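Notes follow the structure.
None of the values given here were measured: they were computed from a predicted structure.
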Amino acid sequence: MRALVVYESMYGNTHAIASAIGRGLESEAEVTVSPVRSLAPDMLTGVDLIVVGGPTHVHGMSRPATRQSAADSADKPDSALVMDPGAAGEGVREWIDSLGRLTALAAAFDTRVDLPVLLSGRAATGITKALRRHGLDVIAKPESFLVTKQNDLLPGERERAEEWGARLAATARPRAAGTGARRVVVAR
């Protein structure tokens, strides 16, 4: 089974979670973890499972304006925030919008502040809906990984992400094998 973890990360937390999910998936799959801006179209070819994640901005997926606001916050002289190396460029929203019809299994995750969902929102909900619109078979409920208001992952979130990745792999493996052939990406 081949798995691809695609992520968008502003300050590194979503990157860390994506890497942990990738480690969990390695129990059952050949895994590639890639920031969305480095994703080449051929990386989707032959993928059985696509896991997509991003940070929650203003109750949902990031947009150009919210990404610019994140960069502006990091650029302030008194800021302790550091931009992730993969932060520049388009985000998950734009990448998903550019996709054609796909045939593969999928799951979505996000990072968000440790507040009730009503107050923080969840990018993973929008990611899940967008993946379904492109024909992907979503095999898990959207998952959130939590950060503090100071932008640090809560203790145990990396481990929880690795466990979630292992559960995804265990769920996807029999479904991917049951197709009798490797999944195929259908281009526009």
Before accepting this row, confirm whether a basic side-chain N of the pair Arg67/Glu94 lies closer than 4.0 Å to the acidic partner's carboxylate O.
yes
Mind running side chain to side chain contact (heavy atoms under 4.5 Å, CB included) on Val147 and Asp152 for me, showing each step along the way?
CA-CA 5 Å; Val147 300; Asp152 297 312; over 6 Å; no
With rounding to the nearest 0.5 angstrom, report the CG to CZ distance, Leu154 to Phe145.
12.0 Å
I'd like to know if the side chain of Ser38 and the backbone of Ser34 have a donor-acceptor N/O pair within less than 3.5 Å.
no
Heavy-atom pair with the smallest gap, counting every atom of Ala130 and Ile96:
CB-CG2, 3.5 Å
So that I can tick it off, tell me whether Arg160 and Glu157 are bridged by a salt bridge, with the cut-off set at under 4.0 angstrom between side-chain N and carboxylate O.
yes
Minimum-distance pair of heavy atoms, taken over all atoms of Met10 and Ala70:
SD-CB, 3.8 Å
Inter-residue atom distance Leu44.CG - Leu99.CG, 0.5 Å rounding:
6.5 Å
Measure the NE2-OG distance between His134 and Ser98 for me, rounded to the nearest 0.5 Å.
7.5 Å
What one should report as the nearest heavy-atom pair of Val33 and Tyr7 is CG1-CE2, 3.8 Å
Short side-chain to backbone donor-acceptor contact, Thr111 and Asn13, under 3.5 Å:
no
Checking side chain to side chain contact (heavy atoms under 4.5 Å, CB included) against Leu131, which of Val52, Val51, Leu102 comes through?
Val52
How far apart are the C-alpha atoms of Tyr11 and Asp84, what are their side-chain angles, what is the distance that settles it, and do they pass the side chain to side chain contact (heavy atoms under 4.5 Å, CB included) test?
CA-CA 5 Å; Tyr11 305 132; Asp84 190 76; over 6 Å; no
By side-chain hydrogen bond (donor to acceptor under 3.5 Å, both in side chains), which residues pair with Thr66, not counting sequence neighbours?
His57
Scanning both residues in full, the closest heavy-atom pair of Ala29 with Ala3 reads CB-CB, 4.0 Å
Is it the case that the side chain of Arg158 and the backbone of Ile21 share a donor-acceptor pair, with hydrogens and angles ignored and the cut-off at 3.5 Å?
no
Scanning both residues in full, the closest heavy-atom pair of Val6 with Phe109 reads O-CE2, 4.5 Å
How about Leu49 and Val5: do any of their side-chain heavy atoms sit closer than 4.5 Å?
no
A quick test of your reading: do over 12 heavy atoms of other residues, nucleotides or ligands sit less than 6.0 Å from CG of Leu118?
no
Judged by atom type as modelled, is there a donor-acceptor pair below 3.5 Å linking the side chain of Arg101 to the main-chain atoms of Leu136?
no
Report the distance from atom CG of Leu81 to atom CD of Gln150, rounding to the nearest 0.5 Å.
10.5 Å
Atom CE of Met1 and atom CG of Leu105: how far apart are they, to the nearest 0.5 Å?
8.0 Å
State whether the side chain of Arg23 and the backbone N or O of Glu162 hold a donor-acceptor pair below 3.5 Å, judged by distance alone.
no
With no hydrogens and no angle check, do the side chains of Asp110 and Ser144 hold a donor and an acceptor under 3.5 Å apart?
yes
Please report the interatomic distance CG(Leu119) to NE2(His59), rounded to the nearest 0.5 Å.
7.0 Å
For Gly165 versus Leu25, what's the shortest heavy-atom pair and its separation?
O-CD2, 3.3 Å
Side-chain heavy atoms nearer than 4.5 Å, only ILVMFWY residues, links allowed to pass through others: does that put Val117 and Ile127 together?
no
Side chain proximity check, Lys149 to Leu115, heavy atoms < 4.5 angstrom:
yes
Would you call Asp137 and Arg132 a salt bridge, using N to O less than 4.0 angstrom?
no
Would you find a donor on one side and an acceptor on the other, under 3.5 Å apart, between the side chain of Ser73 and the backbone of Ser69?
yes
Could you go through the side chain to side chain contact (heavy atoms under 4.5 Å, CB included) check for Leu168 and Thr171 one step at a time?
CA-CA 5 Å; Leu168 285 176; Thr171 300; 5.8 Å; no
Qualifying residues under salt bridge (charged side-chain N to carboxylate O under 4.0 Å, His left out), relative to Arg112, sequence neighbours excluded
none
What I want to check is whether the side chains of Glu8 and Thr14 have a donor and an acceptor closer together than 3.5 Å.
no
Going through the checks in order, is the side chain to side chain contact (heavy atoms under 4.5 Å, CB included) test met by Asp114 and Thr148?
CA-CA 6 Å; Asp114 184 18; Thr148 67; over 6 Å; no
